[in-house]
Amino acid sequence: MGTQDRLGLHTGPRTATIALLGLGLTLAACSGERDTTAAPPAKAAEERTAWVDGDRIRAANETPGEWLSHGRTYDEQRHSPLDQINTDNVDQLGLAWHFKLDVDRGTEATPIVVDGVMYTTGPYSIVYALNPVTGELLWKFDPGIDRSIAGRACCGVVNRGVAPWKGKIYLGAFDGRLIAIDAKTGEQVWATQTVDTTKNYTITGAPRIIDGKVIIGNGGAELGVRGYVSAYDAETGEQLWRWYTVPGDPNKPAENAAMEAAQKTWFGDVYYKQGGGGTVWDSMAYDPELDLLYIGTGNGSPWNIKYRSEGKGDNLYLSSIVALKPDTGEYVWHYQTTPGDTWDYTATQHIVLADMEIDGDTRPVLMQAPKNGFFYVLDRATGELISAENFVPINWASGIDMETGRPIKTGLADYSDTPKLVVPSPYGAHNWQPMSYNPDTGLVYIPAQITGHLFEDEGKVPAHALNLWNVGLLPMKIPEDPAALQAVGQQFSGKLLAWDPVKQEAAWAVDYASPWNGGTLTTAGNLVFQGTADGRVTAYSADAGELLWESPANTGVIAAPMTYEIDGEQYVTFMAGWGGTFALVAAGAAEDIVRRQSESRVLTFKLGGKATLPPPKNDPITLPNPPALTANAEQIEAGRQLYHGLCAGCHGAAAISSGLVPDLRYMSDDTHAMFNQIVAGARADRGMPSFVHLLPVEQMALLHQYLIKRSHDLVALHDSREAE
Ligand SMILES: O=C(O)c1cc(C(=O)O)c2c(n1)C(=O)C(=O)c1cc(C(=O)O)[nH]c1-2
Ligand SMILES: [Ca+2]
């Protein structure tokens, strides 16, 4: 097994692992890019029909070689009936082909495979149609996202994939457009704007399609928006319905009865002026028999309930699982996981539907493991809570009251008067990385994590503006002293957790030193596939958790793998590409000197695959030569606060970047000379938005001084390590 390191550590193990993997690869690298033995030619364009409809998705188990919708089936189990690759032979998996994406940033999509074509997405919502046997590019659709809006992303310019329907491929683009693309040619058929572009809305999630209606949500609750989910006609792009998740201005008529009920659970005026949150930025599932669409809703906007709702109220329908009628968007039931959320405890995490035997009855259940650390089993017909237990150690609640369905809060997370170290952190006990459910083992495979965050009240209603993260908390003080940083990092870890949803207990677990590992896939071959933060792709036995196979990915893997079969051969695909929120903000700290050099690729494996991955990028890094520091300690502290309020969400806490965006400690002389212009938008075309509306020139100078100080810290740290 590869060595894993921890967040906030020495440069050693991770670097060493990657270097070793690189060496192995270099030695093995002699056959060509792809294993082309007996590869059939790509399907002719006219055969690439992507003719998917509801009947075909409902019958997905009859064509297990395809992957027709985001979670493979409407119930989103991410379980494949394919078993050619199984516990006996998985150690013979080899790379079949690899395909390099255009942008080396967070790669979160689940590819679709239908009618002989793979459709997937990369950063900035670029869509790729590939030959699933060879990896050959058939077409590419670049929606041309204006890079200057990258600052609206709370968590990266990511995209989680497309949906096919009757010859078209549907994309939710980062800038809020829903786009229909011709599956054969890659040409745009129609596009419609689903959000108010003067606000901080984005789309990162994959559309789902039910009965000709394309269902799409949006994100932005860290920057002040009102969440909703909408349905569009797949043929015409016409909007059919919209369901807001939180109430709007109480002085105007409520949109529907659900909003009227919700209104009573909110207080003050900040929420509707700033948006209220509750974004539907990822999960959905569908039960065709009950004809119910399930959505997961996000955190409050701003996070801190003291400002959002005068410190009180449940704030419906934040952090909830909501059942809607897919025809009309009519509300049916809801279950709120975190009433009065004040910790970013979204319930947007993956929703899985299954029928399972509980206390002697077969029950139609819905399962979710949201950020707050509890694993919920609900009756999906009624929303009744069947059971809930915490799946990792947490401190904000001691359990769920089965009478009321409400969490029993410990008080340890109440930061309204004094700062509190809260577990889990806003990274969540589980984030968007999808889990999977294997009906054979009866287990759910959760990419779980153990993380904490010091919550500290900002002390005033948070400011609200374009590109401005506004949650009502002070930025967490990440220690800059390397040893202290290491100590913080050691409190963070990850797990591949096999959870028994009936017994509500772990069946087995694999510990990872780092959180932010990939989503999971489970198969009838008694396997669980998962990519890891430390740059591997792996397979475990589903029943026992034994590591049976691993291979390098050259980059952290966060997306969930998928599998398909063509001409009798089973393939497993991983979208590899480090990124997402933890990677941007915190993971760089694990390499306090070395900059990780990210790469994003599609990696497809098959039994006996002989392709080789190019060695990892290893561009030489030169130490910076920073200008002299002129600020005093007080000014540097002011600069540090500005940095953590505005910049750390992309460039990394303590100005240590994980390499997805420039590490500002390494700024060149030219960059220093242009500093103010860059902050004012000179590099907007590369994704660095203008902050001129948020930062007067005097503040830019303080920010600059803080970065110069961190650059000197870096050089000093390097010199002290050299001297050791
Ligand atoms: O509240 C929101 O609207 C919203 C949106 C998103 C997003 O769209 O990616 C994330 C989050 N919140 C979030 O809280 C979060 O932890 C997160 C992680 C990621 C990611 O892609 O790694 N996105 C998001
Ligand atoms: Ca959020």
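Order of listing sets the numbers, starting from 1, for every ligand and every atom in it. Everything numeric in this text was worked out from a predicted model, so none of it was measured. Numbering starts at 1 and runs along the sequence shown.
Contact annotation for F582 and ligand 1: no heavy atom of the residue comes within less than 4.0 Å of the ligand. At a 4.0 Å heavy-atom cut-off, ligand 1 touches R160 through the side chain alone.
Y271 is linked by a ring-ring contact (aromatic ring centres under 6.0 Å, His included) to W266, counting only residues two or more places apart in sequence or in another chain. Every salt bridge (charged side-chain N to carboxylate O under 4.0 Å, His left out) that E76 has, sequence neighbours left out, goes to R208.
Using a 4.0 Å heavy-atom cutoff, W516 is listed among the residues neighbouring ligand 1. Within the structure, the closest approach of N299 to ligand 1 falls below 4.0 Å when heavy atoms are considered. Residue G298 places every heavy atom at 4.0 Å or more from ligand 1. Residue G156 places every heavy atom at 4.0 Å or more from ligand 1.
Looking only at heavy atoms of the protein, atom 14 (O) of ligand 1 is closest to K371 NZ, 2.7 Å.
Relative ring orientation between W243 and Y331 is described as parallel, the plane-to-plane angle staying below 30° on a 0-90° scale split at 30° and 60°. Classification of the W499-F391 ring pair by plane angle, with boundaries at 30° and 60°, yields perpendicular.
With N467 contributing its side chain and H693 its backbone, the two residues share no donor-acceptor pair below 3.5 Å. Without hydrogens or angle criteria, Y317 side chain to M259 main chain gives no donor-acceptor distance under 3.5 Å.
Closest N/O/S atom of D344 to the Ca ion (ligand 2): OD1. Within E222, the N, O or S atom lying nearest to the Ca ion (ligand 2) carries the name OE2.
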